[in-house]
There are 2 protein chains.
Amino acid sequence: MTQEHQILAMPGMTVENLRAKCATCSMHQLCLPMGLDMGDMDKLDQIIGRRRKVVRGGTLFRIGDPFTNLYAIRLGHFKTYQINANGSEQVTGFQMAGELLGMDAISADRHHCSAEALEDSEVCEIPFSSLEQLLRDMPTLLRHFHRMMSQEITREQSVMLLLGNMQATQRFAAFLVNLASRYEARGYSATAFQLRMSREEIGNYLGLTIESISRLLAKFKKEGLIRVSNREIEVLNPTKLKAITAGTEVCN
Amino acid sequence: MTQEHQILAMPGMTVENLRAKCATCSMHQLCLPMGLDMGDMDKLDQIIGRRRKVVRGGTLFRIGDPFTNLYAIRLGHFKTYQINANGSEQVTGFQMAGELLGMDAISADRHHCSAEALEDSEVCEIPFSSLEQLLRDMPTLLRHFHRMMSQEITREQSVMLLLGNMQATQRFAAFLVNLASRYEARGYSATAFQLRMSREEIGNYLGLTIESISRLLAKFKKEGLIRVSNREIEVLNPTKLKAITAGTEVCN
DNA sequence: CGTCCGGTTGAAAGGAGTCAACTAGCGTGG
DNA sequence: CCACGCTAGTTGACTCCTTTCAACCGGACG
C-alpha cells in the first residue's frame, strides 16, 4: 500500500480533496495519514505562511539565523550541513519533498545548521509560534508533530550507527538503500533515480572522500549491482545491496 | 552563573522549594529554568509516575519494547545503544542525571535503542500520554518539551560531525570536553571527574577501538593534558584540550 | 593461588586518504 | 561553430592512521 493509498483510505478523503490539499503544502502530505480530518486541515492551512522558492544552490537558512519558521518541502531537494570550529563542513542530511526542515533550531531559537537547495525547490513557511498555538487545540496534530521530531532523532541515530561502525562499502550501500526506500515511499521508482547531490556531498555525508565514492560507484558497477551514468542510478540487484547494508554479505 | 543560580533567580523560588522539587524528579531540574511557576510544577508532579531503581548493568528499556514512558534520570548514568543488523552494538549516547531518555521512541511507539545503567541509578517514569495531555494546558511546558527534543537533535548532529570528519585525537578530546562541560553545568568539577563507562564503551561511541582509546589516554597523559588513574580523570590543560577539539591545535 | 576481566602496549596489516594526472561534460565567448 | 576553460568526476600510486593480533599487566574474586 503506497502512501497515497493510505491517505485515500482516510474517511471523507477524495482524490480531488487530496490534490487540493497537497498542492498547498507538503505539510499536508505529512499530516493526512495521521488521522487529521478536513476541518483540522483547514486550520492548518490558515497558519501556513507564504510559499518560498529557493533556486539551486540557494540557502533557505544559515547557521545562527534567528528561528521563526519551520519549512515543509513542497518540491525539490535540500541538504543540511554544519560548520566545524575549524571551518570544515559536515553534511548532516539530505531532505526531499514531504520532509520538514528546521527542527534543530527550536532548542536555542537559532539555526544550528544551514540548509541549501540541491535543485530549484519550493517550501512552505510554517511560523513556529502559530504552529505551537495550534498544537494546543489539536491533539492529533500535536501527536504527529512529536512523531516527526522523534523520527528526526531516530534518523540521526541510524546515521551515527552508519558513521560509527560501518565500513566504506557498507556505508555507501546503506546510503543507496535509504534513498531508494524514500523514493519508493513517495511513489517513485526504488530502482531508478537521480542523485541530486554531488559525489563530494555524498562523501562528506558518509565521512568519506570524493575519491572513495567514485571508487565505490565503480566497484558496485563492476559487480553488476548498479548501473551508473553521471548522476543517474539504476539499482540492478536491490537484494544484494540490502544484504551489504545489513552486513550479512561481506563485500570485498 | 551556574544553573542553580539561574533557578534561584526565578520568582518565588527559595532554596527549600528547589530542594523539595528537585528531590522529586530531575524533570524539575530541567523545567525550572524555563519559567514554570510553582503551580505548574505541582501539576507536573501529579503525572509523574513511580520512581524506578536500575542497578549497574541493568536495562531501563530494550529495543523493540512498547513505548509508554519517558524517563527523567534522577541519579546515576546511562548509556543508550542500537543494535546493527549484523548484531554489533553502537553506543549512541551517555546520559547523566537531569537528562531525559526515550524520546526516540515517540515516532513508532517502540524503543529504537536500549538503555543500560552504567552505575546504580534512579529514574522517574513519565507516562507519555499524560505528559502530552498536560502539554496542551501548559504552553511553557510545551515549549520546554519541544526544546528538549530539539536539543537531542542538535546533540546528535554534533556527534555526526564528530564521527564524520574528526580524527581519533580530536574525537577523544571532544568527548572529554563535552563530559567536562556537562559536569560543570550540573555544579560538579569540570576538571576532575570519573568516567562511568568502560574504554570499550567510549571506543564504541567514538567509532574507535578500545586500544585506540587506551593509546589516546596515554598520549594525552604524556603530553601533560590530563592525569589518569583507571577511570579517574583530571584535566590539567582544558584550554589546549578545547583547542584540539576545535581543530585549531593540530595534535601529533 | 589461579583465573578472569579490563586495560595497556608493541608490531604488523589494511583500509581509506592524499596527491596527482587525466577525462568528460558544459557553458562562454570569440 | 569551434576552441577554450572550468568544474565534476575518475583512476592510479603511494602514504598514513587506525585496526588487528598478540603478549602482557594488575586488581578483584572465588
Side-chain angles (χ1 to χ4, degrees), chain A residues 55-57 79 84 86 88-91 116 118-119 162-176 194-223 226-233 244 247 250-252, chain B residues 56-57 79 86 88-91 116 118-119 162-176 194-223 226-233 244 247 250-252:
Chain A
V55 297
R56 177 194 169 103
K79 70 166 176 181
N84 205 341
N86 61 26
S88 61
E89 277 186 23
Q90 168 69 33
V91 173
E116 183 182 318
L118 296 173
E119 59 187 328
L162 182 145
L163 293 171
N165 69 30
M166 286 187 188
Q167 304 271 55
T169 314
Q170 207 179 349
R171 289 187 203 183
F172 189 59
F175 170 73
L176 291 177
Q194 204 200 115
L195 299 173
R196 319 295 164 123
M197 63 296 281
S198 67
R199 307 284 193 265
E200 182 158 22
E201 287 161 335
I202 298 172
N204 187 311
Y205 175 62
L206 297 176
L208 300 170
T209 57
I210 181 172
E211 291 96 333
S212 292
I213 300 300
S214 198
R215 279 186 251 270
L216 286 165
L217 232 17
K219 183 178 154 191
F220 282 0
K221 194 172 170 181
K222 204 177 98 192
E223 289 171 1
I226 57 173
R227 215 195 302 272
V228 194
S229 165
N230 297 320
R231 296 193 175 183
E232 221 62 50
I233 295 280
I244 295 171
V250 179
C251 203
N252 42 1
Chain B
R56 177 194 171 104
K79 71 166 176 180
N86 60 26
S88 61
E89 277 186 21
Q90 168 69 34
V91 173
E116 183 183 318
L118 296 173
E119 59 186 328
L162 181 145
L163 293 172
N165 70 30
M166 287 187 188
Q167 304 272 54
T169 314
Q170 207 179 348
R171 288 186 203 185
F172 189 60
F175 170 73
L176 291 177
Q194 202 199 117
L195 299 174
R196 318 295 165 122
M197 62 297 281
S198 68
R199 307 282 193 267
E200 183 157 21
E201 287 162 335
I202 299 172
N204 187 310
Y205 176 62
L206 297 176
L208 301 170
T209 58
I210 181 172
E211 293 95 332
S212 292
I213 301 301
S214 198
R215 279 186 251 269
L216 286 165
L217 233 17
K219 183 178 155 191
F220 282 0
K221 195 172 169 180
K222 203 177 99 192
E223 289 171 359
I226 58 172
R227 216 194 303 271
V228 195
S229 165
N230 297 318
R231 295 193 176 184
E232 220 62 51
I233 295 280
I244 294 171
V250 179
C251 203
N252 43 2

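Chain A is the first sequence line, chain B the second, and so forth, proteins listed ahead of strands; every chain is numbered from 1.
When rounded to the nearest whole Å, the span between NZ of Lys219(A) and C1' of dA16(C) equals 12 Å. The CZ-C1' distance, from Arg215(B) to dC17(D), rounds to 11 Å in whole Å. Atom pair Phe172(A):CZ and dA16(C):P shows a separation of 13 Å (rounding to whole Å applied). Rounded to a whole Å, the CD atom of Glu201(B) is 10 Å from the P atom of dG6(C). The distance between atom CD1 of Ile213(A) and atom P of dG15(C), rounded to the nearest whole Å, is 17 Å. Look at CD on Glu200(B): it is 8 Å from P on dG7(C), rounded to the nearest Å. Residue Ile210(A) contributes atom CD1, which lies 12 Å from atom P of dT18(C) at whole-angstrom precision. In this structure, CE of Met197(B) is placed 16 Å from C1' of dG7(C), rounded to the nearest angstrom.
For dT9(C), the OP1/OP2 oxygens have no side-chain nitrogen or oxygen of Ser214(B) closer than 4.0 Å. A sub-4.0 Å separation between OP1 or OP2 of dG15(C) and a side-chain N or O of Gln167(A) is absent.
Of the candidates dT18(D), dG9(D), dA16(C), dA16(C) carries the atom nearest the Leu208(A) side chain, counting heavy atoms from C-beta on. Checking dT9(C), dT18(C), dT10(D) against the side-chain heavy atoms of Thr209(A) singles out dT18(C) as nearest. Of the candidate nucleotides dG9(D), dT11(D), dA16(C), dG9(D) has the atom nearest to the side chain of Arg231(A). Distances from the side chain of Ser212(B) to the nucleotides dT11(D), dT19(D), dG17(C) place dT19(D) closest.
Between the base of dC19(C) and the side chain of Glu211(A) there is a donor-acceptor pair shorter than 3.5 Å.
Shortest non-hydrogen contact noted between Asn84(A) and Gln170(B) is ND2-NE2, 4.1 Å.
Comparing Asn230(A) and Arg199(B) by the nucleotide of DNA chain C whose heavy atom lies nearest to each, the residue mapping closer to the 5' end is Arg199(B).
Looking at heavy-atom distances under 4.0 Å, Gly203(B) makes no contact with the nucleic acid at all.
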